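Reading through the structure tokens given below for one structure.
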Amino acid sequence: MSNKKNRKTKVPKAKNYRGPKREIQNGNEPVDYNARILSHKRANLRRSLIVFSVAAIVILATVLFLTKRSYHNYRVIQTSDQEDTISTKYVEMDGKIFRYSPDGASLVDSKLNTLWNETYSMQNPIAHVNGDKAVVADRDGTLLEIFDKNGYTGSVTTSYSIVKAKVSKRGLVAAILSNNDDTWINFYSYDGSLIAENQTTIDDPGYPLDVAVSDDGSVMMVTYQFVDGSKTTSYVAFYNFGDVGQNEDDRIVSGYTYEGVVIPQIEYLSSAYSIAIRDDGFSIYKGKQIPQESKTQKVDGEIVSTFFDNDRVGLVFKNNDKDKMYTMKVYNMSGKQEFEKDFNIPYTSIRISGDSILMYNSSQICVVSSSGAERYLGTVDGTVKDFFKLGMNRYLLVLDNGVNLIKLV
């Protein structure tokens with residue numbers, strides 16, 4: 001008889017088995033580990049959602065606090081008293097400040113560091129900035145200087161006196177030139193080379209009051225004024241210098257006539273939207289190649305100031321109430337009024353800067369939020385020459401004795 005011990009035969013486990021793992025604990029029901037894992041994942045998801053919701057609430061509360069908070073004073077962070085603020089003017093340029101004077105132009109960053117400096121000689125310089133492009137023109141003179149964020153790109157010596165000049169976001173420049181009764185609207189590349197010229201007369205199509213250029217430089221917008229019988233009439237024309245306009249008379253792809261209306265100012269707000277500021281309101285045009293009038297907003301009362309950015313247009317009216325000298329109305333690009341605000345600030349300048357509406361006179365500055373709430377109103381030590389927003393609660397205050405970088409507190 002054999003003395004060999006009995007051996008238990010091991011049963012191999014099936015590979016890649018994905019069935020539930022179950023075991024008996026103290027005689028209770030089997031435990032489903034997959035259910036436990038699923039429950040654990042759900043608990044983690046609930047915790048993550050709670051954390052995310054709390055963070056979102058905190059962020060929203062912080063944003064609301066910062067946007068609706070009012071301030072009572074300001075603190076000077078940095079100052080530069082070497083500036084010639086009497087002859088130098090300032091324009092926002094893509095988050096920086098473009099300075100220009102009869103002697104030259106320069107660009108400074110938000111900490112007042114000079115990034116570049118270029119010289120020229122002009123008698124009466126005027127400037128227009130669009131994105132990171134700028135043009136400086138000698139009004140009633142013949143010199144145009146073109147710049148971008150890196151400095152000088154080109155110049156033009158015109159044959160006739162310069163009335164006005166505008167630059168597109170790609171650096172192309174349109175200029176209104178005058179020679180007594182005849183005028184020219186010339187179009188230049190960023191290096192100063194001539195692209196096109198168009199002679200106009202008072203009778204046909206009228207005297208050009210303003211000019212604007214689309215972002216890509218393919219369309220030029222011009223507002224003309226002429227007298228039709230006894231009525232002053234305005235004509236807004238769109239010239240297309242691309243393929244779309246090559247078969248059109250004078251390359252005019254669309255035009256609008258407004259009887260009894262004066263349109264002194266026009267501007268391209270974005271690649272597809274442009275605006276005409278009228279003496280009785282404003283008109284919005286939409287379209288990249290063939291702009292069409294999309295909205296005209298007429299208003300009652302005399303308009304004393306206008307301001308706008310890419311998304312909004314504001315109108316200021318004078319009231320007869322001594323306690324509420326002015327009324328401000330702000331509209332979106334659909335013509336819908338966003339808010340109306342009465343105020344009693346004897347301002348000399350108003351603009352949209354960043355996400356705020358800024359007003360100032362020689363001794364006061366005022367900051368109004370995009371929803372119409374007054375965030376700051378106060379007096380300033382010195383004579384105010386200009387006022388810009390540079391970032392979150394940081395402003396550039398140009399005084400007669402220097403330039404200050406300030407923070408509201």
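This one's a predicted model, so the numbers in the text were calculated from it and none came from an experiment.
Annotation: salt bridge (charged side-chain N to carboxylate O under 4.0 Å, His left out) contacts involving residues 151-174, sequence neighbours excluded, comprise K164-D210, K166-D210, K166-E267.
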In sequence, state the C-alpha distance, the side-chain angles, and the governing distance for N404 and Q78, and then conclude on side-chain hydrogen bond (donor to acceptor under 3.5 Å, both in side chains). CA-CA 6 Å; N404 291 337; Q78 189 175 346; over 6 Å; no
Would you please test T379 and S363 for side-chain hydrogen bond (donor to acceptor under 3.5 Å, both in side chains) and show each step? CA-CA 6 Å; T379 57; S363 61; over 6 Å; no
Show, in sequence, the C-alpha distance, side-chain angles and deciding distance for Y235 and Y258, and conclude whether the ring pair (Phe, Tyr, Trp, His ring centres under 6.0 Å) test is met. CA-CA 6 Å; Y235 176 57; Y258 304 96; 8.9 Å; no
Check the pair S161 / D140 against side-chain hydrogen bond (donor to acceptor under 3.5 Å, both in side chains), numbers first and verdict last. CA-CA 5 Å; S161 299; D140 299 325; 5.7 Å; no
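In D249, the CG atom is not crowded: 12 or fewer heavy atoms of neighbouring residues, nucleotides or ligands sit closer than 6.0 Å. A 6.0 Å sphere centred on NZ of K89 holds no more than 12 heavy atoms belonging to other residues, nucleotides or ligands. Other residues, nucleotides and ligands contribute more than 12 heavy atoms inside 6.0 Å of the CZ atom of R312. More than 12 heavy atoms of other shown residues, nucleotides or ligands fall within 6.0 angstrom of atom NZ in K295.
Ion pairing of K231 with D228 is absent here, as no side-chain N (NZ or NE/NH1/NH2) approaches a carboxylate O to less than 4.0 Å. Between K111 and D109 there is no salt bridge, since no side-chain N of the basic residue sits under 4.0 Å from a carboxylate O of the acidic one.
Residues that satisfy the ring-ring contact (aromatic ring centres under 6.0 Å, His included) test with Y160, not counting sequence neighbours, are W184. Every residue meeting the side chain to side chain contact (heavy atoms under 4.5 Å, CB included) condition with A196, not counting sequence neighbours, appears here in chain and number order: F187, F241.
Between the side chains of R375 and S369, not a single donor N or O lies within less than 3.5 Å of an accepting N or O. Checking N73 against Y71 by side-chain atom types alone, no donor-acceptor pair falls below 3.5 Å. For the 3.5 Å distance criterion, the side chains of D204 and T201 fail to qualify, holding no donor opposite an acceptor. S283 and R278 are linked by a side-chain donor-acceptor pair at a separation below 3.5 angstrom, with hydrogens and angles left out of the test.
For Y152 and Y120, the distance between ring centers is not under 6.0 angstrom. Taking the six-membered ring where the residue is Trp, the centroids of Y395 and F387 are separated by under 6.0 Å.
Ring geometry for Y376 versus Y74: interplanar angle over 60°, hence perpendicular rather than tilted (30 to 60°). Classification of the F238-Y268 ring pair by plane angle, with boundaries at 30° and 60°, yields perpendicular.
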